[in-house]
Amino acid sequence: MKKTFGMIALMIAVFMTTGCNNSGSNGAGFEATTFSFQEEEDGDWGIMDFNGKTLVKPKYSGCPTSIINGMFSVYSDEEQTYTLYSLEDDKPRKIGTYRDIGAFTGQYCPVVDKNGNVKYIDKEGKSPFDIKKIKGHKVVGAYNFFSGLAMIKLDNGKWGYINEDGEIAVPFKYADAWNFNNGLAIVYLETPEDNQNAKWAVIDTEGKELFTKKFRDMTPANFKIEGDVIETTVEYEKFTFIDREGKTIKKVKDNIAPQYIYNGLYVTYNKDTELMGMATIEGKTVLKDKYETVLYNGKLIAAKAENGRWYMMNNKGEKLCRLPGEDIIMFEPEYTNSDRVLLAGEYSKGFVLVNNEGKEIKTEDEIYSASYSYYWGVSLPDDDIEYEGDGDVDYDYETEAVEMDSLAEE
């Protein structure tokens, strides 16, 4: 299954294989500056920026990813392939078509060509280095660059990291691994399975193990980072914050689950009442847990009250305005410029782009439905299907993608 991260409508679509991290791009050094949109139900998809400018008029029957470093891709469900484009002078230029694809979070992007070869490509589709085998083993998974490093999985089950020169930066000795976030990554020293004595570690970009923990003592089930603060779990979903040395900073109440740590705050989920609020890492309440939904982008809060009304608030919990419509989408802390990423409206009627004062931003086209997403990386299927031909030869399809059901109906 493909490792992806994305937000479509109000649902976060996370499809993860082993070794994945849902911590987002915080500290990763890139920005997604666009989202995809449809003008009408079952219509084609275009691309719009956060200022309301249409960069690509609706032309794709498949939904494009967000543009990262000038590149985006479109998936074809019919052909089960991904076509990569660059955006130059507001015109998409086709680079190539692949079985699987990641994103240009760094200089290069991981892909699987039609022969089933895992490799990295530059923005012209050329491979800067060869990773067919590392240490005599076939590469079966390759992921985006974060903090200058990309994690790789070999066919012997071991994980390690390479730099953007294709050189081994962290040895291939781990049972599992996560992407780097703010210069830190989780690695499994042993496969836990039923062995609670198995250890995991936090490493830096030099491969230095900052500390280790046993699974029976602490589980990295929710590895998220805010600066030097790491969120993890202790005993039966009890959450805690630890520092770079593995020392406990703050324990969270047993019935509270943290979400979306950003700029010293996090969204709280009360497992007893199933309601949400906000608090600081130190434990100070910003919003009482009385809202059905709380979304936070690092500067502003969108909260849905139990009466169904949405409100915009500042990071002190003070109400700024009531938001139009019954559904709010794309208001998450996954991108560094997300303080303006907010769509307000109703699935059956469409959406408007809203600024940080709750006022509508004029857009060049109507927004019936929207999506923003990108792919974490690539991996080979378990059956490792063999393909014939030259892996660098493009597919020649009359259509680049197929019809997708309207997001408004999901």
Side-chain angles (χ1 to χ4, degrees), residues 5 12 14 16-24 26-27 146-147 151 159 173-204 207-289 291 294 296 298 332-334:
F5 180 91
I12 298 177
V14 186
M16 299 183 288
T17 59
T18 183
C20 61
N21 176 0
N22 65 350
S23 58
N26 185 18
F146 295 91
S147 300
M151 60 183 185
W159 292 79
K173 61 180 183 179
Y174 299 111
D176 207 341
W178 269 250
N179 289 309
F180 273 91
N181 189 337
N182 278 312
L184 300 178
I186 289 278
V187 291
Y188 285 13
L189 306 180
E190 307 162 77
T191 303
E193 297 178 348
D194 296 325
N195 179 14
Q196 292 301 298
N197 286 316
K199 291 182 178 180
W200 57 273
V202 168
I203 63 172
D204 62 18
K208 178 183 177 182
E209 294 178 6
L210 303 183
F211 64 86
T212 62
K213 296 284 184 180
K214 291 183 179 180
F215 278 85
R216 69 181 182 188
D217 299 323
M218 186 172 289
T219 305
N222 287 272
F223 175 55
K224 302 173 186 175
I225 298 177
E226 168 67 17
D228 292 336
V229 179
I230 303 167
E231 177 200 329
T232 185
T233 57
V234 184
E235 297 179 3
Y236 309 110
E237 297 186 352
K238 295 181 180 180
F239 292 86
T240 186
F241 296 112
I242 59 179
D243 63 18
R244 292 175 70 102
E245 297 178 353
K247 297 178 181 178
T248 298
I249 297 173
K250 180 71 178 180
K251 292 183 179 179
V252 181
K253 293 180 181 179
D254 292 352
N255 64 332
I256 298 296
Q259 303 177 24
Y260 309 135
I261 307 171
Y262 209 51
N263 288 351
L265 303 179
Y266 65 92
V267 176
T268 62
Y269 175 75
N270 189 312
K271 292 180 282 187
D272 296 332
T273 64
E274 298 185 346
L275 295 175
M276 304 176 78
M278 287 200 69
T280 67
I281 290 177
E282 292 75 24
K284 180 181 178 181
T285 298
V286 175
L287 282 182
K288 293 182 179 179
D289 50 354
Y291 295 93
V294 174
Y296 178 54
E332 298 292 336
E334 298 306 327

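Not measured: the values here are computed from a predicted model. Only heavy atoms go into these numbers, but all of them, side chains included; no hydrogens, no water, no symmetry mates. The first residue of the sequence shown is numbered 1, and numbering continues consecutively from there.
Ala175 and Trp159 get closest at one heavy-atom pair: O-CD1, 3.5 Å. When all heavy atoms of Phe241 and Val252 are compared, the pair lying nearest together is CE1-CG2, 3.8 Å. For the residue pair Ile256 and Phe239, the shortest heavy atom distance occurs at O-CD1, 3.5 Å.
Contact annotation: the side chain of Trp200 approaches that of Ile186 to within less than 4.5 Å [non-hydrogen atoms, C-beta and beyond]. A heavy-atom distance below 4.5 Å is not found between the side chains of Ile261 and Val229.
The line from CD1 of Ile230 to CG of Asp243 is 7.5 Å long, rounded to the nearest 0.5 Å. The CG atom of Asn197 sits 8.5 Å away from atom CG of Asp217, with the distance rounded to the nearest 0.5 Å. For the atom pair CD1 of Ile242 and CE of Met218, the computed distance is 5.0 Å after rounding to the nearest 0.5 Å. Asn255 contributes atom CG, which lies 7.0 Å from atom NZ of Lys271 (distance to the nearest 0.5 angstrom).
In this structure, Tyr262 and Tyr296 have perpendicular ring planes: the angle between them is above 60°, well past the 30° mark.
For the side-chain contact (heavy atoms from CB on, under 4.5 Å) test, residues two or more places apart in sequence or in another chain that qualify with Glu190 are Asn195, Ala198, Lys199. For Thr219, the side-chain contact (heavy atoms from CB on, under 4.5 Å) partners at least two apart in sequence or on another chain are Phe215, Ala221, Thr233. Tyr174 pairs by the ring-ring contact (aromatic ring centres under 6.0 Å, His included) definition with nothing, not counting sequence neighbours.
Listed by first then second residue, pairs satisfying ring-ring contact (aromatic ring centres under 6.0 Å, His included) with a partner in residues 268-287 number zero, not counting sequence neighbours. Every pair passing salt bridge (Lys or Arg N to Asp or Glu O under 4.0 Å) that includes a residue from residues 244-253 is listed here, sequence neighbours excluded: Asp228-Arg244, Glu245-Lys247.
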Check the pair Leu210 / Asp204 against side chain to side chain contact (heavy atoms under 4.5 Å, CB included), numbers first and verdict last.
CA-CA 7 Å; Leu210 303 183; Asp204 62 18; 4.0 Å; yes

Enumerate, atom names and distances included, each donor-acceptor pair closer than 3.5 Å involving a side-chain atom of residues 273-286, sequence neighbours excluded.
residue : atom : partner : partner atom : Å
Thr273  : OG1  : Leu275  : N            : 3.4
Thr280  : OG1  : Glu282  : N            : 3.4
Thr280  : OG1  : Gly283  : N            : 3.3
Thr280  : OG1  : Lys284  : N            : 2.9

